[in-house]
Amino acid sequence: MSGRTTALTPPDDAGPPVRHPDAPAPGETIGSHYEYCFGCGPAVPHGLHLETRAGEGVRVTAEFRVKEAHQGAPGLAHGGVLATALDETLGALGWLLRVIAVTGRLETDFVRPVPVDTVLYLDAEVLAVHGRKIYCTATGRIGGPQGPVAVRADAMFVEVKIDHFIENGRPAEIKAALADPDQVKVARAFEVNP
């Protein structure tokens with residue numbers, strides 16, 4: 001993207017992203033990582049309820065319908081909600097690399113207004129990896145996957161261990177998530193943006 005800041009430009013010795021052999025297959029729904037996640041969780045009434053799918057390579061797509069509760073100006077999506085949709089989509093890229101990563105930096109460009117009841121078609125991909133840093137980009141389009149760009153973002157995520165959440169999260173939620181007998185759900189609960 002033009003305008004990418006130095007902090008979001010992969011260093012010259014960064015490597016290409018490598019899709020993990022156990023990553024979800026292209027077209028497969030990735031689903032919610034935690035039921036109370038504002039971005040993808042089903043238990044949050046006014047959440048984004050993002051539906052994310054694995055794409056080819058190290059790419060994901062998602063769809064998000066702007067609801068009345070997501071307004072900023074009358075009849076238009078709040079910019080922070082749009083940034084959250086981009087961040088959530090970018091965060092799902094960790095599933096293709098099979099790493100737990102958190103947002104280190106997110107730079108968002110708002111290109112055109114997004115009206116309430118609009119579906120935002122999001123597309124995100126990993127550009128490069130350098131140590132624990134994952135450089136990625138996303139776009140949000142209206143009117144269809146090939147429609148005009150409404151929002152876009154460049155980001156740098158940082159790979160972390162599960163201890164990041166255990167040491168920093170609210171104890172009641174951490175304890176409840178860790179107590180779930182479904183170990184897949186436990187692992188997914190901690191694959192989240194900070």
Side-chain angles (χ1 to χ4, degrees), residues 1-10 17 24 29-34 36-42 44 46-73 76-97 99-129 133-160 188 191-194:
M1 303 197 116
S2 62
R4 180 177 287 138
T5 64
T6 303
L8 296 175
T9 302
T29 299
I30 293 175
S32 170
H33 63 83
Y34 178 57
Y36 294 105
C37 173
F38 181 77
C40 66
V44 182
H46 298 302
L48 305 187
H49 303 142
L50 235 65
E51 192 173 298
T52 307
R53 292 188 181 280
E56 297 291 335
V58 189
R59 179 179 226 118
V60 297
T61 60
E63 290 183 16
F64 158 56
R65 179 173 296 279
V66 178
K67 301 178 202 167
E68 286 186 20
H70 302 142
Q71 291 181 79
L76 297 174
H78 190 287
V81 170
L82 297 175
T84 301
L86 288 162
D87 186 47
E88 185 70 27
T89 305
L90 289 159
L93 291 166
W95 272 97
L96 303 182
L97 300 172
V99 299
I100 300 172
V102 296
T103 311
R105 183 174 181 97
L106 177 72
E107 186 174 295
T108 307
D109 295 315
F110 301 95
V111 180
R112 67 179 68 234
V114 180
V116 170
D117 290 328
T118 297
V119 175
L120 192 63
Y121 296 87
L122 298 142
D123 181 60
E125 70 175 315
V126 177
L127 303 172
V129 177
K133 294 181 178 179
I134 302 163
Y135 296 87
C136 42
T137 190
T139 58
R141 298 173 181 269
I142 56 178
Q146 303 305 316
V149 172
V151 293
R152 60 179 161 239
D154 288 320
M156 186 269 297
F157 278 66
V158 180
E159 184 177 349
V160 297
R188 290 199 70 189
E191 296 184 349
V192 62
N193 306 337

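The distance from the CG atom of Leu127 to the CG atom of Asp154 is 7.5 Å, given to the nearest 0.5 Å. Rounding to the nearest 0.5 Å places CD of Glu63 at 14.0 Å from CZ of Arg141. Of the inter-residue distances, the one linking Phe38 atom CZ with Glu88 atom CD reads 10.0 Å to the nearest 0.5 angstrom. With rounding to the nearest 0.5 Å, the separation of CG in Leu48 from CG in Leu122 is 9.5 Å. In this structure, Asp87 CG and Thr103 OG1 are separated by 3.5 Å, a value rounded to the nearest 0.5 Å. Considering CD of Glu51 and SG of Cys40, their distance stands at 11.5 Å, rounded to 0.5 Å.
Annotation: side-chain contact (heavy atoms from CB on, under 4.5 Å) contacts of Ala7 (sequence neighbours excluded): Thr5, Arg105. With sequence neighbours left out, the salt bridge (charged side-chain N to carboxylate O under 4.0 Å, His left out) criterion links Glu159 to no other residue. Taking the side chain to side chain donor-acceptor pair (under 3.5 Å) definition, one finds that His70 meets it with nothing, sequence neighbours left out. Not counting sequence neighbours, the partners of Arg53 by the side chain to side chain donor-acceptor pair (under 3.5 Å) test are Thr29. In terms of the side-chain contact (heavy atoms from CB on, under 4.5 Å) criterion, residue partners of Pro42 (sequence neighbours excluded) are, by chain and number, Ser32, Glu35. In this structure, the side-chain contact (heavy atoms from CB on, under 4.5 Å) partners of Glu56, at least two apart in sequence or on a different chain, are Pro26. Judged as a side-chain contact (heavy atoms from CB on, under 4.5 Å), and not counting sequence neighbours, the contacts of Gln71 are Glu68, Val116. Every residue meeting the ring-ring contact (aromatic ring centres under 6.0 Å, His included) condition with Tyr36, not counting sequence neighbours, appears here in chain and number order: Tyr34. Listed by chain and number, the residues in a salt bridge (charged side-chain N to carboxylate O under 4.0 Å, His left out) with Arg59 are Asp123, Glu125 (sequence neighbours excluded).
Nearest approach of Thr108 to Ala83, heavy atoms of both residues: OG1-CB, 4.0 Å. Nearest heavy-atom pair, Leu76 versus Pro115, reported as atom, atom and distance to 0.1 Å: CD2-CA, 3.8 Å. Closest approach of Val158 to Gly104, counting heavy atoms only: CG2-CA, 4.3 Å. What you find for Ala155 and Leu8 is that their closest heavy atoms are C-CD2, 3.6 Å. Cys136 and Val126 get closest at one heavy-atom pair: CB-CA, 3.9 Å. Taking both residues in full, the closest heavy atoms of Ala124 and Leu93 are given as O-CD2, 3.6 Å, listed atom of the first, atom of the second, then distance.
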Would Leu120 and Leu82 satisfy side-chain contact (heavy atoms from CB on, under 4.5 Å), going step by step from the backbone distance to the final call? CA-CA 9 Å; Leu120 192 63; Leu82 297 175; 3.9 Å; yes
When you look at Thr139 and Val151, which way does the side-chain contact (heavy atoms from CB on, under 4.5 Å) test go after all the steps? CA-CA 6 Å; Thr139 58; Val151 293; over 6 Å; no
Run the side-chain contact (heavy atoms from CB on, under 4.5 Å) check on Val81 and Phe64 step by step: do they pass? CA-CA 10 Å; Val81 170; Phe64 158 56; 3.7 Å; yes
Apply the test side-chain contact (heavy atoms from CB on, under 4.5 Å) to residues Val58 and Leu97: give CA-CA distance (whole Å), side-chain angles for both, the deciding distance (0.1 Å), then the verdict. CA-CA 7 Å; Val58 189; Leu97 300 172; 3.9 Å; yes
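Of the possible donor and acceptor atoms, none in the side chain of Arg152 sits under 3.5 Å from a partner among the backbone N and O of Ala138. Thr118 places no side-chain N or O within 3.5 Å of a backbone atom of Arg65 that could act as its donor or acceptor partner. Side-chain atoms of His49 come within 3.5 Å of backbone atoms of Val44 as a donor-acceptor pair (strictly under, hydrogens ignored).
Remark: Lys133 NZ is loosely packed, at most 12 non-hydrogen atoms of other residues, nucleotides or ligands lying under 6.0 Å away.
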